[in-house]
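Naming convention: chains lettered A, B, ... in sequence-line order (proteins, then strands); numbering from 1 in each chain.
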Amino acid sequence: MAAEKAEIEKLKKECDGLRKQIETARKAVNDGDMKGASSGVESVGRVQLKKRKDLKGHLAKIYAMHWAADSRQMVSASQDGKLLIWDTHTGNKLVAVPLKSAWVMSVAFAPSGNLVASGGLDNMCTVYNVKAASPKTLRELDAHTGYLSCSRFLSDSEILTASGDTTCCLWDLETGKQKVIFTNHIGDCMSLALSPDQNCFISGACDSLAKLWDVREGACKQTFSGHTSDINAIAFFPSSNAIITGSDDTCCKMYDLRADQEVLHYQDSGLNAGVTSLALSSSGRLIFAGYDDFNCHIWDTLKGERVGVLSGHDNRVSCTGVPEDGLGVCTGSWDSFLKLWN
Amino acid sequence: MDEMDLPQMKKEVESLKYQLAFKREKSSKTVTDLVKWIEEGVPDDPFLNQELMKNNPWVEKGKCIIL
């Protein structure tokens, strides 16, 4: 026992040493920051959006939403035990999927539009075929030992999940089995985002770290620190070279993947609420971040300034999403409504 | 970190060595590229170019819209 403890102590010291070396390597390439690079960039001015639609239908807190690839349909999940698929052009509900477990925390639309996935405190990710005459359960992915916080389809045959058991997982939907398990976080995984080319994904966790992973190899390629509390939201830049994170510490941060470090943070002394969700505009110039203060605040990504606010919800904004065509933003809230703005 | 057992600690060391080996690029270049990339996308960003929001799918057709 004592020999093992000594060995662990030795390895701990080795880890501390390696972390110091990583910080040194980061400092060595830190020869220019975002403030400097964007000083010549014109301000975007005030961004004022109008609320275009109120989507009413859920009877309890909405926890998650995800746009379909057609930028028209959208799926939302509420702890009233239902998933609702909406036609956002008409405001009509197209499909209602009753859930076995009402404690849902995540929802995702497959790029094909054929499948949706959801999960939560049941520790499972359930995949439904929503193109059938009535929604049919296709798979129940059951191996996580903690709640399902987020899921994203790569295709109709593969899905990534993030869990409160501190791992993420790549599943094969044909067999229902785990293909790759991603272990490295030491806190609950709260969110994930897939890179546009699907070769990598990023995860944010309660250990206040964001990690970049190789989807096929399972290795953690890079780790980003700086936040001082749970990271609840994470997104890839459309260019794939940077990521944005949102945390309970009330900040959002931009991490540059090529320089392997934080290059800007988004924080305001007047904002004391945690960030729950975030989405980027199509160019990446605007960040739409949902907060516990019932608002969605809009940030100028390059200048680090707040340029607008979407107010109207009567409770925490729990989810935010911009469709692929970039023509607007959807916010979902614990007040049970979804709102469309542009 | 505090409760990791021996196999987990060994994995953590391996992971950190792998992450240390990453080829970092100078931020003066990477950040400049990022700014350039975003600026190039702004004209096609509907939130920043009112022209693109003209056929707004979420607004009732057939009414007067105050732009």
Side-chain angles (χ1 to χ4, degrees), chain A residues 4 7-8 11-12 14-15 18-19 21-22 25-26 28-34 36-38 41 44 47 49 52-53 71-72 88-89 183-184 186 219-223 237-239 241-242 254 256-261 263 281-286 301-302 325-329 340-342, chain B:
Chain A
E4 190 171 300
E7 177 82 29
I8 289 175
L11 292 173
K12 257 195 205 166
E14 196 173 351
C15 283
L18 287 164
R19 287 202 183 89
Q21 285 182 66
I22 291 174
R26 284 176 172 153
V29 297
N30 190 4
D31 63 348
D33 69 357
M34 184 55 84
S38 65
V41 169
V44 292
V47 174
L49 305 182
R52 302 295 181 182
K53 286 204 193 322
S71 300
R72 177 168 178 157
T88 59
H89 288 196
T183 48
N184 206 267
I186 53 172
C220 168
K221 303 199 319 178
Q222 291 170 257
T223 299
F237 250 79
S239 70
N241 288 325
M254 185 201 294
D256 180 328
L257 298 183
R258 293 161 68 195
D260 188 40
Q261 55 196 281
V263 292
S281 70
S282 60
S283 65
R285 184 66 196 269
L286 299 175
T301 315
L302 296 181
D325 63 8
L327 279 172
V329 56
L340 302 176
W341 318 73
N342 63 17
Chain B
M1 270 286 274
D2 307 322
E3 286 136 32
M4 279 192 196
D5 58 19
L6 198 50
Q8 285 174 318
M9 283 306 299
K10 286 189 175 160
K11 277 205 181 129
E12 181 70 7
V13 170
E14 284 317 304
S15 176
L16 286 168
K17 283 182 177 164
Y18 181 68
Q19 292 178 61
L20 176 59
F22 178 73
K23 295 268 175 288
R24 293 163 186 84
E25 295 176 62
K26 293 268 189 221
S27 64
S28 55
K29 171 149 204 325
T30 62
V31 163
T32 310
D33 284 351
L34 213 51
V35 172
K36 184 158 154 281
W37 199 93
I38 292 173
E39 286 274 88
E40 282 172 2
V42 163
D44 295 321
D45 188 333
F47 285 111
L48 300 170
N49 182 350
Q50 279 305 303
E51 271 301 298
L52 299 175
M53 211 48 107
K54 267 201 327 210
N55 286 322
N56 191 331
W58 298 342
V59 170
E60 306 295 330
K61 303 276 186 292
K63 275 196 196 154
C64 288
I65 306 167
I66 300 171
L67 290 165

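When all heavy atoms are compared, the tightest approach of Lys26(B) to Ala28(A) is NZ-O, 3.4 Å. Trp58(B) and Trp341(A) get closest at one heavy-atom pair: CZ3-O, 3.3 Å. Of all heavy-atom pairs spanning Ala219(A) and Tyr18(B), the tightest one is CB-CE2, 3.9 Å. Shown here for Phe47(B) and Asn342(A), the closest heavy-atom pair between the two residues is CE2-CA, 4.3 Å.
Glu7(A) has no carboxylate O lying under 4.0 Å from a charged side-chain N of Lys10(B), or vice versa, which leaves the two without a salt bridge.
Panel note: side chain Asp31(A), backbone Ser28(B); a donor-acceptor pair is recorded below 3.5 Å.
The line from NZ of Lys29(B) to CZ of Arg258(A) is 4.5 Å long, rounded to the nearest 0.5 Å. Going from atom CD1 of Ile22(A) over to atom CZ of Phe22(B) covers 11.0 Å, rounded to the nearest 0.5 Å. A distance of 12.5 Å separates OG of Ser27(B) from CZ of Arg26(A), quoted to the nearest 0.5 Å. To the nearest 0.5 Å, the span separating CG on Leu6(B) from CG on Leu11(A) amounts to 6.0 Å. For the atom pair CD (Gln222(A)) and CG (Leu20(B)), the distance works out to 12.0 Å, reported to the nearest 0.5 Å. Annotation: the span from Leu340(A) atom CG to Asn56(B) atom CG amounts to 10.0 Å, rounded to 0.5 Å.
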Next item on the list: Please lay out, stage by stage, how Asn241(A) and Asp33(B) fare under the test side chain to side chain donor-acceptor pair (under 3.5 Å).
Entry: CA-CA 9 Å; Asn241(A) 288 325; Asp33(B) 284 351; over 6 Å; no
Next item on the list: Decide yes or no on side-chain contact (heavy atoms from CB on, under 4.5 Å) for Phe237(A) and Ile38(B), but give the supporting numbers first.
Entry: CA-CA 9 Å; Phe237(A) 250 79; Ile38(B) 292 173; 3.4 Å; yes
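Counting only heavy atoms from C-beta outward, the side chains of Gln19(B) and Cys220(A) approach each other to under 4.5 Å. A heavy-atom distance below 4.5 Å is not found between the side chains of Ile186(A) and Glu12(B). No side-chain heavy atom of Val44(A) sits less than 4.5 Å from a side-chain heavy atom of Val42(B). Between Asn30(A) and Arg24(B) there is no side-chain heavy-atom pair separated by less than 4.5 Å. Using a 4.5 Å heavy-atom cutoff, the side chains of Glu39(B) and Arg285(A) are in contact.
With a 4.5 angstrom heavy-atom cutoff, Ile8(A) touches chain B via backbone and side-chain atoms both. Contacts of Leu257(A) with chain B are made by backbone atoms alone, with heavy-atom separations under 4.5 Å and no side-chain atom involved. Residue Lys11(B) does not touch chain A at all, counting heavy-atom pairs closer than 4.5 Å. Contact of Leu48(B) with chain A is made through the side chain alone, with heavy-atom distances under 4.5 Å.
Of the listed residues (Asp33(A), Thr223(A), Thr183(A)), the greatest number of heavy-atom pairs within a distance under 4.5 Å of chain B belongs to Thr223(A). Highest contact tally toward chain B, considering only Ala242(A), Pro238(A), Ser281(A), Ser239(A), is held by Ser239(A) [criterion: heavy-atom pairs under 4.5 Å]. Ranked by non-hydrogen atom pairs under 4.5 Å with chain A, the options Met53(B), Lys36(B), Glu14(B), Lys17(B) are led by Met53(B). When Thr32(B), Asp44(B), Leu34(B) are compared by the number of non-hydrogen pairs under 4.5 Å with chain A, Leu34(B) comes out ahead. Counting heavy-atom pairs closer than 4.5 Å to chain B, the top residue among Val263(A), Val41(A), Asp325(A) is Val41(A).
Every residue two or more places apart in sequence or in another chain was checked for a salt bridge (charged side-chain N to carboxylate O under 4.0 Å, His left out) with Asp256(A), and none qualifies.
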